[in-house]
Number of protein chains: 2
Amino acid sequence: MARSALAEKSSLALPHRHPRRTREEHSHETAQDYVEIIAELIASTGEARVIDLARRLGVTHVTVARTIKRLQREGLVTSLPYRSIFLTPSGRKLSEESRSRHTTVVDFLKSLGVPKVVAQSDAEGIEHHVSRETLQAFEKHLRKTKIA
Amino acid sequence: MARSALAEKSSLALPHRHPRRTREEHSHETAQDYVEIIAELIASTGEARVIDLARRLGVTHVTVARTIKRLQREGLVTSLPYRSIFLTPSGRKLSEESRSRHTTVVDFLKSLGVPKVVAQSDAEGIEHHVSRETLQAFEKHLRKTKIA
DNA sequence: ATTAATGTGTAGCATTAGCTACAAAAGTAA
DNA sequence: TTACTTTTGTAGCTAATGCTACACATTAAT
């Protein structure tokens, strides 16, 4: 029983800011963004190149190339020197999940009256922080307002 | 007119994933989290210590100490060796803004039927990605449901 | 086929943010 | 006061993500 008053108080009222977004969470968000964009690029232009990603993300091609290496290491994409980038099955799966969540968030925000452009923009940040429960609440609200 | 078909396509349909959350944005989010927690700690326990922050954030005291140094450099907090941490006026201002936004997001999620704990948890991630327009839409929705 | 433009790769630097390990200061208890 | 616990600090490692500068490959235009 060696806990002092000072020590006591710190384990008091305040709820722990749970697990806290770690670096891993960050890099997972990046991964989702990348596979989502890669899927979009392939769908709309036929291929995903480093430079296309760089332009979409507003970073240099160097940053993209390095990240692509990491995603390849993680089994989400395949890439060969000077060739365009492809999604692996698990990359495709992730991209579809991300896209679905993204769409839900955008539609939800629009249903609240948020202008389309803003909704799209905000969704990119928000989508990574929406739990299953909250996503379901969004969907429920969408169904309700669609019927009304 | 030297733009090839390949080059053309990349500046085509797809909207730019705007400015793209940069490292600076990340570190700004961290700053908000820190000042918010510091304010809470001071309000509830009288002081904010490195160890308290570390426990709340789920990281080691080393990480916190380094971040506090950065926040001090940025003029958000003051700290002296072995002394507790204080907010500067601009740090306090930021903490109040963050807290207000945080509260709005939590209340909004709860109004959608999201369980309190989940709402609090999700809000921490979401609050940093909510634009002024979206925040206003949240507030509007809150007013509406409160009246009903 | 050359040449020019575009895209990709590599090297190397900076910052943020996580960690462990160890040392020193401050606070608490005997 | 002394001894123990807790807190803070410092050193140094890792990883992700940003950059510039330069070299090389590929693609497009003449």
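Throughout, protein chains are lettered first and strands after them, A, B, ... in sequence-line order, and every chain is numbered starting at 1.
- Between A/D33 atom CG and D/dA16 atom C1' the separation is 14 Å, expressed in whole Å.
- Distance check, rounded to the nearest 0.5 Å: CD1 of A/I42 to CZ of A/R92 gives 7.5 Å.
- Nearest to the side chain of B/P81, among D/dT7, C/dG18, D/dG9, sits D/dG9.
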Grab the N/O contacts between the protein and nucleotides 20-25 of chain C below 3.5 Å, and write none if there aren't any.
{"residue": "C/dA25", "atom": "O4'", "partner": "B/Y82", "partner atom": "OH", "Å": "3.2"}

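- Every residue was checked against the side-chain contact (heavy atoms from CB on, under 4.5 Å) condition with A/Y82, not counting sequence neighbours, and none meets it.
- Per the geometry, NE2 belonging to B/H26 stands 14 Å off C1' belonging to D/dA15, to the nearest Å.
- Evaluation of the salt bridge (Lys or Arg N to Asp or Glu O under 4.0 Å) test over residues 97-116 of chain A, restricted to residues two or more places apart or in two chains, returns A/K93-A/E97.
- Whole-Å rounding puts the A/I51 CD1 to D/dA28 P distance at 14 Å.
- Checked against side-chain contact (heavy atoms from CB on, under 4.5 Å), A/V117 has no partners two or more places apart in sequence or in another chain.
- Separating the NE2 atom of B/H28 from the P atom of C/dT15 is a distance of 19 Å, rounded to the nearest angstrom.
- Note on A/S27: only backbone sugar-phosphate atoms sit closer than 4.0 angstrom, heavy atoms only; bases stay farther off.
- Counting non-hydrogen atoms of other residues, nucleotides and ligands closer than 6.0 Å to NE2 of A/H141 gives a total above 12.
- The side-chain contact (heavy atoms from CB on, under 4.5 Å) check on A/S131 picks up A/E133, A/T134, B/V118, B/D122, with sequence neighbours excluded.
- Taking the side-chain contact (heavy atoms from CB on, under 4.5 Å) definition, one finds that B/T88 meets it with B/T78, B/S90, sequence neighbours left out.
- Listed by residue number, the members of residues 66-80 of chain B with any heavy atom below 4.0 angstrom from DNA chain D are B/K69.
- Residue B/L57 contributes atom CG, which lies 15 Å from atom C1' of C/dC19 at whole-angstrom precision.
- For D/dT17, the OP1/OP2 oxygens have no side-chain nitrogen or oxygen of B/R23 closer than 4.0 Å.
- Regarding B/R49, its CZ atom lies at a distance of 11 Å from the C1' atom of D/dT8, rounded to whole Å.
- Residues satisfying the ring-ring contact (aromatic ring centres under 6.0 Å, His included) criterion with A/H61, sequence neighbours excluded, are absent altogether.
- Rounding to whole angstrom units, CZ of residue A/R83 and C1' of D/dT26 are separated by 11 Å.
- Residue B/T30 places its side chain closer to C/dA17 than to any other of C/dG9, D/dG18, C/dA17.
- The stretch residues 61-71 of chain B participates, sequence neighbours left out, in these salt bridge (Lys or Arg N to Asp or Glu O under 4.0 Å) pairs: B/R70-B/E74.
- Atom CD of A/E24 is separated from atom P of C/dC19 by 10 Å (rounded to the nearest Å).
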